[in-house]
Amino acid sequence: MSLRIVLILVNMFGLWPAAAAAHVSEQGFVLLLPTGAYISAGVAVVALTVIALFVLPTGVVERLFAARHIAPRDFGRLPMITSVLSLAIMCFGIYVGLFGSRNPLSNPMPLGFWTVGWIALVSLAAFVGNLWVWINPWMGLYHLVGAQPIASLPDRIGVWPATLMLIAFAGFLLADPAPDDPARLAQLVAGYWTLTFIGLIIYGPGWCERAELGHVLFAAFASLSTVRLREPAGIGGNGWQVVHTPPVIGAGIFALAMLGVGSFDGLNETFWWLGQIGVNPLEFPGRSAVIGVTLTGLTGSVIGLVAVFTVVIWLGMWLGRVKAPFATSFGRLALCVLPIALVYHMAHYLTAFIVNIQYTVAAISDPLARGDDWLGLQPFRVTTGFFNRVDTVRLIWITQASLVVIGHVWSVLLAHRVAITLFGNHQRAAIATLPLSVFMIGYTFLGLWLLAAPKGA
């Protein structure tokens, strides 16, 4: 798979990449590595973490996610200024997409939209906070216009519009014949910006908080960061904000949808999936031949994951004999899959990133593909030599596998901490989250298998 990057499009909301060869190029070596041993070891680590929860002292997990209040920071008009700058950069990206090079590896539009927006910035949000507050291309202009909302969204709508937008966008990513075509992508961005700004004018900032994909996506991953500078401001262990998040079932379903979309993105390329839909992986007929089955698989993956998670939470509450409202338990515990979604996102796109970040540098130096060298880099050559050596491929695979295992351990501990708040004590929380822990152990195997499985699309 291949992702495109460019720093001049840091304002773009996170999407994700188009198909290409970054994973495939090193897949042969991955298949020669003892991936079975790595997968078994990773699953064992998560399983041992689950067992340890039954014997750990009561306060250990609580201290992992402890937080202290800090004074909130007010940045005044600065976010509005950076938002206007982001809008200007976005407009330049749209212009280059429409009138620049047709090659997605040299045009800044797809490079920035896919790699910087989706891979880099979305991942960074989990560590540095909600970057979307600073780089969204709407709020600055909205405040300059001075518009007042003429309607309000009902509270019951939650973040369902953003969830549907996530699934629709994943459909574009996985099923569209040319999601990285510069002009096509530029038209999509321009249309999305226009529709979002219309919604913002009508409904005010509440529209972005509930319907705008970038806002909801970045806010979800930012809840895993250690520091929050806006009210309620605080600093603590990664995930402390999830512990204190009010139970909202829609936010939980959005988190599950992110995990489902990411998982199907990896599954969609495997020999196993292609065999299930009757496609010879060595003679892939192209995306246009599998649009319907891809969209069906994507939708089924999200709905199926939500259904399984519902059963898991119900079973845990039954085992623990807890009386908490089901919607509250579901909403809070579903947010605990965010670390899994994050690390799989990082691991899945690692190889694409280390290749396409090089194309980004070249595109920044020559954004209009006229032979310019703004950064003085010539001669500059993109290298993929690290995919041709067993030692570097092994390092990449170990990094990917480690990320997946760390994320699942993180999720197990976070779910236990949330369960302590929900169900009242350490032992009851361990029992009530046992089915969820088994689910996470199984997902560890799935995540590692998806990274190692042969791919043919």
Side-chain angles (χ1 to χ4, degrees), residues 40-69 220 223-224 226 232 234-249 251-253 255-256 259 305-343 404-447:
S40 298
V43 171
V45 168
V46 180
L48 289 172
T49 303
V50 173
I51 295 172
L53 291 176
F54 286 89
V55 297
L56 284 175
T58 302
V60 171
V61 176
E62 293 176 316
R63 286 194 291 273
L64 286 175
F65 301 101
R68 61 182 178 85
H69 179 75
S223 67
L224 299 174
T226 59
I235 182 170
N238 287 89
W240 69 269
Q241 297 177 63
V242 173
V243 175
H244 299 286
T245 297
V248 180
I249 194 169
I253 291 178
L256 291 169
L259 181 59
L305 180 59
V306 173
V308 170
F309 197 86
T310 300
V311 173
V312 164
I313 299 305
W314 176 87
L315 183 58
M317 295 179 67
W318 178 80
L319 286 175
R321 301 292 192 270
V322 295
K323 304 300 182 183
F326 178 82
T328 299
S329 300
F330 180 97
R332 285 200 163 183
L333 291 172
L335 292 177
C336 297
V337 306
L338 285 172
I340 301 176
L342 169 70
V343 296
V404 170
V405 173
I406 289 169
H408 284 79
V409 170
W410 183 5
S411 281
V412 167
L413 296 172
L414 181 58
H416 184 76
R417 175 62 186 89
V418 170
I420 292 174
T421 299
L422 285 171
F423 307 139
N425 63 65
H426 176 72
Q427 289 300 321
R428 182 177 295 173
I431 295 172
T433 57
L434 184 58
L436 177 57
S437 297
V438 172
F439 167 84
M440 291 180 177
I441 292 171
Y443 228 92
T444 305
F445 173 82
L446 175 63

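One distance of note links CG of Leu436 with CE of Met440; it measures 4.0 Å at 0.5 Å rounding. Atom CD1 of Ile420 and atom CG of Leu53 lie 8.5 Å apart (nearest 0.5 Å). With values rounded to the nearest 0.5 angstrom, Ser437 atom OG is found 11.5 Å from Ile431 atom CD1. Here the straight-line distance linking atom CZ of Phe439 with atom OG1 of Thr444 works out to 10.0 Å at 0.5 Å rounding. To the nearest 0.5 Å, the span separating NE2 on His416 from CG on Leu64 amounts to 10.0 Å. Leu342 CG to Ser411 OG: the interatomic distance, rounded to the nearest 0.5 Å, is 9.5 Å.
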request  = Show the numbers, then the answer: is there a side-chain contact (heavy atoms from CB on, under 4.5 Å) between Ile249 and Phe326?
outcome  = CA-CA 10 Å; Ile249 194 169; Phe326 178 82; 5.7 Å; no
task = Show your working on side-chain hydrogen bond (donor to acceptor under 3.5 Å, both in side chains) between Arg417 and Thr421 and close with a plain yes or no.
result = CA-CA 7 Å; Arg417 175 62 186 89; Thr421 299; 2.8 Å; yes
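Using bins of under 30°, 30° to 60° and over 60° for the plane-to-plane angle, the ring pair Trp314/Trp318 lands in the parallel bin.
The backbone N or O of Ile235 lies less than 3.5 Å from no partner atom in the side chain of Trp240, so there is not a single donor-acceptor pair. His408 contributes no side-chain N or O that, together with a main-chain N or O of Val46, makes up a donor-acceptor pair within less than 3.5 Å. Remark: side-chain polar atoms of Trp410 are paired, donor with acceptor, to backbone N or O of Asn238 under 3.5 angstrom. The main-chain N or O of Leu56 is found under 3.5 Å from a side-chain atom of His426 such that the two form a donor-acceptor pair.
Summarising the geometry of Met317 relative to Ala324, their closest heavy-atom pair is CE-O, 2.9 Å, with the distance given to 0.1 Å. Here the shortest heavy-atom pairing between Gly239 and Leu414 reads O-CD1, 3.6 Å. Shortest non-hydrogen contact noted between Pro435 and Ala432 is CD-O, 3.8 Å. Looking at every heavy atom in both residues, Ile313 comes nearest to Ser329 through CG2-CB, 4.2 Å. When all heavy atoms are compared, the tightest approach of Ala251 to Leu335 is O-CD2, 3.7 Å. Contact between Thr433 and Ala415 at its shortest, heavy atoms only, is CG2-O, 4.0 Å.
Using a 4.5 Å heavy-atom threshold, the side chains of Ile441 and Val50 count as touching.
Each of Val43, Val404, Ile340, Val337 was evaluated against Tyr443; a single residue qualifies, Ile340, per the side-chain contact (heavy atoms from CB on, under 4.5 Å) test.
Counting heavy atoms of neighbouring residues, nucleotides and ligands inside a 6.0 Å radius, atom CZ of Arg321 exceeds 12 of them.
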